[in-house]
Amino acid sequence: MKRFLFIPLVLFLAAGMFYPTYAAFVEGLEDIPLPDGLSQIENGNLSFGNEEIRLIEVYLTAESLAFEKISRFYLDTLPQMGWQLKLLQEDRLLFEREGETLEINNESASPLVIRLTVKSKL
């Protein structure tokens with residue numbers, strides 16, 4: 001009986017090792033996860049939209065993270081949410097999904113400042 005309880009527990013814990021973890025989503029972009037260690041800069045958001053188009057820009061910051069780690073997080077996580085990678089550069093990622101683009105830019109290294117921009121493709 002103990003063996004039957006142990007196997008599901010091991011499988012549950014092992015699954016967590018293969019999927020990125022995040023505690024929250026970016027405010028204003030509820031379908032974009034916010035990695036642990038990053039926080040959203042207050043009053044740094046730009047939002048415009050109607051039924052046909054949208055433009056949302058937010059800024060994230062961290063004191064002790066590097067862009068490479070954040071880049072890896074989004075490269076692993078966003079495809080699971082339907083985003084397709086279109087461009088990979090040292091300080092910039094570009095994804096597309098359902099008529100929209102998501103651009104992730106490294107604006108500053110110390111402290112780390114990242115700009116996320118989601119906009120409709122025209």
Side-chain angles (χ1 to χ4, degrees):
M1 178 70 171
K2 289 181 183 179
R3 184 177 289 163
F4 292 113
L5 295 174
F6 180 72
I7 292 172
L9 177 63
V10 169
L11 292 174
F12 175 76
L13 294 174
M17 294 171 35
F18 299 106
Y19 293 101
T21 59
Y22 45 89
F25 289 86
V26 176
E27 186 178 326
L29 295 170
E30 284 72 22
D31 58 346
I32 306 297
L34 182 64
D36 289 336
L38 271 184
S39 60
Q40 194 162 343
I41 296 175
E42 296 293 323
N43 302 320
N45 299 348
L46 168 71
S47 180
F48 169 81
N50 57 31
E51 291 106 26
E52 298 173 9
I53 63 169
R54 78 173 176 159
L55 169 65
I56 300 172
E57 186 173 87
V58 298
Y59 288 86
L60 309 174
T61 188
E63 291 295 324
S64 61
L65 291 176
F67 184 74
E68 293 80 23
K69 182 173 183 175
I70 303 306
S71 178
R72 270 183 268 129
F73 172 84
Y74 283 121
L75 288 169
D76 291 341
T77 305
L78 291 176
Q80 298 175 37
M81 305 178 99
W83 292 97
Q84 295 180 332
L85 180 66
K86 294 298 178 182
L87 179 68
L88 173 61
Q89 295 178 334
E90 184 178 336
D91 289 340
R92 180 176 174 235
L93 303 172
L94 181 66
F95 292 88
E96 289 183 356
R97 179 181 76 178
E98 299 175 6
E100 291 188 316
T101 61
L102 166 61
E103 190 172 348
I104 302 170
N105 289 293
N106 183 9
E107 298 289 315
S108 169
S110 184
L112 179 65
V113 176
I114 296 173
R115 177 174 41 96
L116 300 180
T117 306
V118 173
K119 58 185 170 183
S120 300
K121 292 176 15 182
L122 301 175

Exercise. Can Leu75 be reached from Ile114 by stepping across I, L, V, M, F, W or Y side chains whose heavy atoms are under 4.5 Å apart?
Worked result: yes
Exercise. Are Phe25 and Leu116 grouped together when hydrophobic residues (ILVMFWY) are joined by side-chain heavy atoms under 4.5 angstrom apart?
Worked result: yes
Exercise. So do the side chains of Leu46 and Val58 get within less than 4.5 Å of each other, counting heavy atoms only?
Worked result: no
Problem set entry | Side-chain donor-acceptor pair present, Asn105, Glu103, cut-off under 3.5 Å | yes
Exercise. Looking only at heavy atoms, which two atoms of Glu63 and Pro111 are closest? And how far apart?
Worked result: OE2-CB, 3.9 Å
Problem set entry | Check: Ser71 side chain, Phe67 main-chain N or O, donor-acceptor pair, under 3.5 Å | no
Exercise. When you check the gap from the basic side-chain N to the acidic O, do Lys119 and Glu57 get nearer than 4.0 Å?
Worked result: no
For this session: Group every Ile, Leu, Val, Met, Phe, Trp and Tyr by side-chain heavy-atom contacts under 4.5 Å, then state whether Met81 and Leu88 land in the same group.
Result: yes
Exercise. Are any non-hydrogen side-chain atoms of Ile56 and Phe48 less than 4.5 angstrom apart?
Worked result: no
Exercise. Given side chains that start at C-beta, do those of Ile70 and Leu60 come closer than 4.5 Å, heavy atoms only?
Worked result: no
Seminar exercise, completed: Rounded to the nearest 0.5 Å, the CG atom of Leu78 sits from the CG atom of Leu93 at a distance of 8.5 Å
Problem set entry | Asp31 vs Val26, side-chain contact (heavy atoms from CB on, under 4.5 Å): CA-CA, chis, key distance, verdict | CA-CA 8 Å; Asp31 58 346; Val26 176; over 6 Å; no
For this session: Please check if atom CD in Gln89 has more than 12 non-hydrogen atoms from other residues, nucleotides or ligands closer than 6.0 Å.
Result: yes
Exercise. Which heavy atom in Tyr74 sits nearest to a heavy atom in Leu34, and how many Å separate them?
Worked result: OH-CA, 4.3 Å
For this session: Determine the minimum heavy-atom distance between Asn50 and Glu52, stating which atoms define it.
Result: OD1-N, 2.8 Å
Exercise. Is it the case that more than 12 heavy atoms not belonging to Glu27 sit under 6.0 Å from its CD atom?
Worked result: no
Problem set entry | Interatomic distance, Phe95 atom CZ to Gln84 atom CD [nearest 0.5 angstrom] | 10.5 Å
Problem set entry | NZ/NE/NH1/NH2 to OD/OE distance under 4.0 Å, Glu96 and Lys121 | yes
For this session: Return yes when atom CD of Glu30 has more than 12 non-hydrogen atoms of other residues, nucleotides or ligands closer than 6.0 Å, and no otherwise.
Result: yes
For this session: Tell me, with the steps shown, if Thr101 and Leu94 meet side-chain contact (heavy atoms from CB on, under 4.5 Å).
Result: CA-CA 7 Å; Thr101 61; Leu94 181 66; 4.1 Å; yes
Problem set entry | Nearest atoms (heavy-atom pairs only) where Tyr59 meets Val113 | CD2-CG1, 4.0 Å
Problem set entry | Asn106 vs Leu112 side-chain heavy atoms within contact, under 4.5 Å | yes
Exercise. Closest approach of Gly37 and Ala62, non-hydrogen atoms and distance?
Worked result: O-CB, 3.3 Å
Exercise. Under 4.5 Å between any side-chain heavy atoms of Arg92 and Leu87, yes or no?
Worked result: yes
Exercise. What heavy-atom pair brings Glu100 and Arg54 nearest, and what distance separates the two atoms?
Worked result: OE2-NE, 2.5 Å
For this session: Before giving the answer on side-chain contact (heavy atoms from CB on, under 4.5 Å), spell out for Ser39 and Thr61 the whole-Å C-alpha distance, their side-chain angles and the decisive distance to 0.1 Å.
Result: CA-CA 5 Å; Ser39 60; Thr61 188; 3.7 Å; yes
